[in-house]
Peer 1: 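Pasting a structure below so you can have a look.
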Amino acid sequence: MLTESQPSQTQLHVPADSPLLSPNFTFGVATASFQIEGAASERLENIWDRFCQVPGAIKDDSNGLVACDHYHLWEQDIELIASLGVDAYRFSISWPRVMQQNGQLNEQGIRFYLNILERLIAKNIKPYVTLYHWDLPQYLEDQGGWLNRDTAYQFKHYVDLVSQAFGDRVYSYSTLNEPFCSAYLGYEIGIHAPGLKSPQYGKKAAHHLLLAHGLAMQVLSKNSPNSMNGIVLNFSPCHSLTNNPQDIKAAQLADQHFNQWYIKPLIEGQYPALIDQIPFEHKPDILDGDMQIIAAAMDYVGVNYYTREIYQTDMQNGFEKVQQKNLPLTDMGWEIYPQGLTELLLDLHNTYKLPPIYITENGAAMPDKFIDNKIDDQERLSYYQTHLMAVDSAIRQGVNIKGYFAWSLMDNFEWAEGYVKRFGIVYVDYQSMQRTIKASGYAYRDFVSNRPHLINREVV
Ligand code: FCB
């Protein structure tokens, strides 16, 4: 029940008239295949398996061989999701688990996901399926990965088979999760798999990723016309360190490279004007018709938000990221800046003609302490509180936002950071594989379970 009393510290609360309490607003939790599944021997090798073997690539020298062992514990994990009372679960399909190298489906892999889809539906939890959350089959990387245009067509083929196999069980598809990370972190600065480093690679890989998205949208509109189909992008508002015109220009430039480079072609079929300024060797190879494919109409755009970035001018690159002192930080060293989420959403709304928005990821890594069988993660709770209010504020100012997903359901393999950084609202003991709901998880559960339309339904 929504109580009239002063909320205690351990609750999430929004005003009674908040649009977040509308029956049409979806609340969910999110994960990704490589970060939780394990069972690596039952699928093809992927680029993260290979990258984890590079000395120093992963902070704690870990890998995804076992992860949260979700492959074996999926039934209890769905029970856990159901116990949180959420409307939806966002998870990703491991391409190397459902496809064989000969281009045919791996039936065992498909069965794994069909079981999950069917159980979610039986529990009245909407499946939000991400088709690519960074785990490219290694054999495709061996042929050039996302630098090879053919990978986009391989993706289309995979999406074609998988979406036919899933039939009408999927509520929403995202083609890609955060193509910026795949392209820039993976191929330009090499801190993510496959670990390539060249200023010439980032935008070429990005183009093939965006093309893959567009091709997949064609397939989805044929095979799965009734699901909501779109993409998930990450954004960090780019702020300038000072008001001096050069710093302002630097921040704008970073924004073009990191944020607008992805959303603009998807919505407007054009790269930002910056494309005319970058060196020829950095430019993507754009063939006739590519931009129309990329700009396929979408049912929604997923927005992932964690923090903002601050920039100053730099003679060589035009911009340079600044680490300011004395700012509130998460365990990732990312600034806690909830107003950046409102700003971002308003900005997107004012700049582009967008379909509805879902916040597909938001959350925080915090240095959790397991004391007396409890994790009292007040800092994470307060992160959720302020960011939910940031979404509330954006909706009140006219942005069409339809849902919010907490990253993450449970602690998991945080890419180059390994298992040390914990983003879960549920704690995972990696020895025993025990899951323990944190204070933030209980608060999220109480918040979503006590929304007025659910309370009323129970009364009726
Ligand atoms: C996002 C990723 C997600 C998770 C969070 C913390 O960039 O999509 O898998 O690692 O960051």
Side-chain angles (χ1 to χ4, degrees), residues 28-38 46-48 51-52 57-60 62-64 67-68 70 89-95 128-136 174-189 191-193 206 209 213 230-237 258-259 262-263 301-309 329-337 340-341 344 358-368 377 379-380 383-384 387 404-426 428 438 440:
V29 286
T31 63
S33 49
F34 189 79
Q35 296 181 275
I36 63 165
E37 284 178 5
N46 69 42
I47 55 175
W48 276 91
F51 188 63
C52 288
I58 312 296
K59 292 265 168 62
D60 59 359
S62 62
N63 55 51
C68 305
H70 171 73
Y89 174 44
R90 173 176 180 248
F91 62 104
S92 80
I93 307 300
S94 161
W95 180 353
Y128 279 60
V129 167
T130 304
L131 290 159
Y132 184 73
H133 202 125
W134 307 354
D135 40 2
L136 186 73
S174 304
T175 55
L176 307 177
N177 177 70
E178 304 188 348
F180 159 81
C181 292
S182 300
Y184 179 75
L185 305 181
Y187 289 85
E188 187 161 332
I189 62 168
I191 61 168
H192 276 190
L209 281 151
H213 155 81
I231 195 170
V232 169
L233 302 177
N234 60 304
F235 297 90
S236 298
F258 301 144
N259 297 320
Y262 298 85
I263 182 79
V301 169
V303 168
N304 292 354
Y305 175 83
Y306 290 93
T307 190
R308 68 155 170 179
E309 304 288 2
L329 303 179
T330 69
D331 205 26
M332 295 291 279
W334 298 346
E335 183 187 349
I336 301 171
Y337 192 75
L341 179 52
L344 164 69
Y358 281 78
I359 309 301
T360 33
E361 283 180 30
N362 179 232
M366 292 293 177
D368 293 329
D377 57 336
E379 284 177 294
R380 181 176 293 103
Y383 182 99
Y384 279 116
H387 286 76
Y404 176 95
F405 290 75
W407 182 272
S408 177
L409 164 66
M410 57 184 163
D411 298 334
N412 57 48
F413 176 77
E414 180 42 40
W415 309 112
E417 303 293 325
Y419 294 96
V420 181
K421 305 296 180 200
R422 293 176 176 273
F423 271 93
I425 58 173
V426 174
V428 175
K438 304 179 190 180
S440 59

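Counting starts at 1 for both ligands and their atoms, following the listed order.
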Peer 1: So does R380 pair up with D331, basic N to acidic O under 4.0 Å?
Peer 2: no
Peer 1: Check ligand 1 for close polar pairs with the protein: N or O on both sides, less than 3.5 Å.
Peer 2:
unit_1   : atom_1 : unit_2 : atom_2 : d
ligand 1 : 7 (O)  : E178   : OE1    : 2.5
ligand 1 : 7 (O)  : E178   : OE2    : 3.1
ligand 1 : 8 (O)  : H133   : NE2    : 3.2
ligand 1 : 8 (O)  : N177   : ND2    : 2.9
ligand 1 : 8 (O)  : E178   : OE1    : 3.3
ligand 1 : 8 (O)  : E178   : OE2    : 3.4
ligand 1 : 8 (O)  : E361   : OE1    : 3.1
ligand 1 : 8 (O)  : E361   : OE2    : 3.0
ligand 1 : 9 (O)  : Q35    : OE1    : 2.7
ligand 1 : 9 (O)  : H133   : NE2    : 2.8
ligand 1 : 9 (O)  : W415   : NE1    : 3.0
ligand 1 : 10 (O) : Q35    : NE2    : 3.3
ligand 1 : 10 (O) : E414   : OE1    : 2.7
ligand 1 : 10 (O) : E414   : OE2    : 3.2
ligand 1 : 10 (O) : W415   : NE1    : 2.9

Peer 1: Which of these passes side chain to side chain donor-acceptor pair (under 3.5 Å) with N362: Y305, Y383, W407?
Peer 2: Y383
Peer 1: Check step by step if side-chain contact (heavy atoms from CB on, under 4.5 Å) holds for F34 and W415.
Peer 2: CA-CA 9 Å; F34 189 79; W415 309 112; 3.9 Å; yes
Peer 1: Would you call K59 and E414 a salt bridge, using N to O less than 4.0 angstrom?
Peer 2: no
Peer 1: When you measure from the centre of the six-membered ring of Y337, is the NZ or CZ of R308 closer than 6.0 Å and no more than 45° off the axis?
Peer 2: yes
Peer 1: Between T31, N177, T360, which is the residue that forms a side chain to side chain donor-acceptor pair (under 3.5 Å) with R90?
Peer 2: N177
